[in-house]
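Inspection log for the structure reproduced underneath, given as structure tokens.
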2 protein chains.
Amino acid sequence: MSIERPTNTNAQLTPTSYLVLGLLAREGPSTPYDLKRHVAATIGHFWSFPHALLYKEPPRLVELGLVTEEREQDGRRRRLFSITDAGRQALRAWLGRPARQPTELRDLGLLQLFFADLEPTTARLAIAGEQLTLHRAQLAGYEAGQRFEDGRDGPGAVSRSIEHWRGVTLRMGLLYERAAVEFWAGVATHVGIADAAAARVRAEDDGTRIA
Amino acid sequence: MSIERPTNTNAQLTPTSYLVLGLLAREGPSTPYDLKRHVAATIGHFWSFPHALLYKEPPRLVELGLVTEEREQDGRRRRLFSITDAGRQALRAWLGRPARQPTELRDLGLLQLFFADLEPTTARLAIAGEQLTLHRAQLAGYEAGQRFEDGRDGPGAVSRSIEHWRGVTLRMGLLYERAAVEFWAGVATHVGIADAAAARVRAEDDGTRIA
DNA sequence: CCAGACATGTAACAGGTTACATGATTCG
DNA sequence: CGAATCATGTAACCTGTTACATGTCTGG
């Protein structure tokens with residue numbers, strides 16, 4: 001309608017935006033630090049959102065009118081953000097459009113493995129070993145969380161919705177880490193086998209050729 | 001030693017850098033399009049590298065002295081990039097330092113699920129259904145690839161190293177997609193069950209309360 | 001020979017990352 | 001009471017994304 005385009009209305013909402021909107025919608029007015037804590041307890045386990053982001057995103061949303069800011073008056077002067085009706089609307093609209101993008105699985109270990117066949121066996125074993133250790137530790141963490149969840153009764157100090165998050169996090173985390181452990185264990189043994197086979201060949205050939 | 005710092009020597013190498021270095025190391029001199037093709041066939045399945053990146057990264061590496069550029073003389077004037085010794089060295093150094101960062105698993109569907117409990121059951125079912133469809137399709141793709149790999153003899157048109165990539169891609173892809181399908185199937189049935197239970201409660205209570 | 005797909009590239013913008021900095025609490 | 005950790009924030013830089021643009025081949 002109007003000739004002058006409203007300054008920021010055309011900006012796209014990123015996953016980060018929806019994360020913040022969603023948290024504000026369910027946890028109520030929050031400081032960036034609150035957001036950080038909630039993220040760390042749940043989705044932060046497999047999708048990292050550095051804290052600086054969670055301090056920067058809310059002001060962006062304020063400009064779009066999806067969030068309001070309020071500053072404490074006393075010493076701390078912390079910023080407290082709340083979702084607006086427009087924000088709720090944007091969130092619901094997004095939830096009504098199931099995402100189609102495939103999962104991004106960004107794994108440096110995998111990238112290293114891709115190129116590791118240029119390297120000596122020891123390097124490949126080191127990579128696989130490191131990844132195995134990492135993923136086993138993660139898996140153990142999720143399993144501990146699982147046991148903790150199982151062995152307890154009523155809701156604790158956290159809100160019901162956060163419990164839901166935790167449940168989702170645990171299940172997905174468990175399944176993924178199991179897959180990862182299986183994968184890397186396979187890699188390790190394959191490399192090991194190849195190594196043993198190569199050693200055998202070297203021994204048999206007695207230096208005739210380099211396998 | 002010298003007082004003036006060499007312009008770019010301090011720049012960090014990103015995963016993208018190592019991807020390019022690795023590809024140039026094993027596939028030899030390549031055009032950005034070659035890189036794009038290789039990526040699409042392998043790691044691109046779960047870590048997207050938009051083609052613009054693969055056109056932009058090599059020149060960056062040229063400035064660092066890790067890569068050299070050569071332009072075709074005839075009509076096309078394509079840019080052909082090759083890795084230098086310094087580049088190879090950087091790559092090997094990186095491969096010698098197994099990565100410790102945990103996997104980033106960025107999944108919009110998961111993010112939506114996290115907030116979907118604010119929404120009516122239908123919305124949650126829609127999300128779970130969409131994700132199930134998506135992941136089943138991916139899984140089918142990997143399984144087809146697997147069958148293809150199994151049922152054939154010698155090396156085809158692609159290089160041996162690319163076959164190695166394909167193998168890694170297939171195995172990790174299969175394992176991850178299986179986990180994802182299991183996860184989303186679970187979500188769908190849980191939501192379905194909750195839905196059925198809620199319906200039952202509503203029927204029994206006969207409108208006394210809204211469950 | 002036209003249309004569509006494949007191939008090749010560039011530029012602007014903005015979101016995300018890294019680094020810096022410092023005020024409050026808690027614990028020993 | 002000092003040290004370590006928690007909490008809070010800002011700013012610059014730069015990568016990655018998005019959008020635009022056009023050239024070249026292939027098949028019908």
Side-chain angles (χ1 to χ4, degrees), chain A residues 5 7-21 29-41 43-44 47-64 66-67 69-81 101-102 104 106 108 111, chain B residues 5 7-21 29-41 43-44 47-64 66 69-81 99 101-102 104 106 108 111:
Chain A
R5 73 170 62 159
T7 325
N8 271 316
T9 308
N10 45 344
Q12 290 301 321
L13 295 182
T14 68
T16 309
S17 315
Y18 291 113
L19 175 66
V20 171
L21 288 177
S30 312
T31 68
Y33 189 69
D34 293 332
L35 299 176
K36 178 192 156 172
R37 237 167 348 108
H38 284 137
V39 168
I43 204 182
W47 187 337
S48 80
F49 292 92
H51 82 278
L53 248 189
L54 302 178
Y55 279 88
K56 196 201 286 189
E57 186 64 21
R60 273 212 275 268
L61 297 175
V62 168
E63 289 198 11
L64 297 175
L66 306 178
V67 158
E69 175 179 353
E70 196 181 350
R71 266 195 126 106
E72 272 183 356
Q73 289 310 327
D74 54 321
R76 275 283 183 155
R77 306 209 68 240
R78 285 181 301 183
R79 312 160 119 205
L80 195 66
F81 296 93
Q101 283 96 334
E104 288 269 323
R106 304 185 176 187
L108 281 184
L111 200 56
Chain B
R5 72 170 63 157
T7 326
N8 272 315
T9 308
N10 46 343
Q12 289 302 322
L13 295 183
T14 68
T16 309
S17 315
Y18 292 113
L19 174 67
V20 170
L21 287 176
S30 311
T31 69
Y33 189 69
D34 293 332
L35 300 177
K36 177 193 155 173
R37 233 162 357 102
H38 284 138
V39 168
I43 203 181
W47 188 338
S48 80
F49 293 92
H51 83 278
L53 248 190
L54 302 178
Y55 279 88
K56 197 202 285 190
E57 186 64 21
R60 274 213 273 269
L61 297 175
V62 168
E63 289 198 8
L64 297 176
L66 306 177
E69 175 179 352
E70 196 181 350
R71 264 195 126 105
E72 273 184 354
Q73 289 309 327
D74 53 323
R76 275 282 184 157
R77 306 211 67 239
R78 286 181 301 183
R79 314 159 118 206
L80 196 66
F81 296 92
Q101 283 97 334
E104 289 268 324
R106 305 185 176 185
L108 280 185
L111 200 56

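What's counted below: heavy atoms across the whole structure, side chains too, no hydrogens, waters or symmetry copies. Naming: A, B, ... by sequence-line order, numbering from 1 per chain.
- The distance from the CZ atom of A:Phe49 to the CZ atom of B:Arg106 is 7.5 Å, given to the nearest 0.5 Å.
- With hydrogens and angles ignored, no donor-acceptor pair closer than 3.5 Å exists between the side chain of B:Lys36 and the base of C:dT8.
- Taking atom CZ on A:Arg78 and atom C1' on D:dT8, their separation rounds to 9 Å, with Å as the unit.
- Between C:dG16 and A:Thr16, a contact under 4.0 Å exists linking OP1 or OP2 to a side-chain N or O.
- Separating the CD atom of B:Gln101 from the C1' atom of C:dT18 is a distance of 13 Å, rounded to the nearest angstrom.
- Using a 4.0 Å cut-off between charged nitrogen and carboxylate oxygen, A:Glu57 and A:Arg60 count as a salt-bridge pair.
- Going from atom CG of A:Leu13 over to atom P of C:dA14 covers 14 Å, rounded to whole Å.
- Relative to the side chain of B:Ala52, the nucleotides D:dG9, C:dG16, D:dT18 differ in distance, and D:dT18 lies closest.
- For CD of B:Glu70, the number of neighbouring non-hydrogen atoms (other residues, nucleotides, ligands) closer than 6.0 Å is 12 at most.
- Of the two residues contacting DNA chain C, namely A:Pro15 and B:Arg37, the nearest-nucleotide position lying further toward the 5' end is that of B:Arg37.
- The distance from atom CZ of B:Phe49 to atom P of D:dT18 is 15 Å, rounded to the nearest whole Å.
- With rounding to whole Å, A:Leu64 atom CG is found 9 Å from C:dG15 atom P.
- Here A:Arg60 reaches the OP1 or OP2 of C:dG16: one of its side-chain N or O atoms lies under 4.0 Å away.
- Atom NZ of B:Lys56 is separated from atom P of C:dT10 by 11 Å (rounded to the nearest Å).
- Rounded to an integer number of Å, the gap from CG of A:Leu53 to P of D:dC13 is 19 Å.
- Whole-Å rounding puts the B:Asp34 CG to C:dC6 P distance at 16 Å.
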- Item | Intermediate values then yes/no, side chain to side chain contact (heavy atoms under 4.5 Å, CB included), A:Leu61 and A:Leu13 | CA-CA 9 Å; A:Leu61 297 175; A:Leu13 295 182; 4.1 Å; yes
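- Residue B:Arg79 has no polar side-chain atom (N or O) positioned under 4.0 Å from OP1 or OP2 of C:dT8.
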- Query: Between B:Thr31 and B:Phe81, does a side chain to side chain contact (heavy atoms under 4.5 Å, CB included) hold up when you go through it step by step?
  - Reply: CA-CA 6 Å; B:Thr31 69; B:Phe81 296 92; over 6 Å; no
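- The phosphate of C:dA14 has neither OP1 nor OP2 within less than 4.0 Å of any side-chain N or O from A:Thr14.
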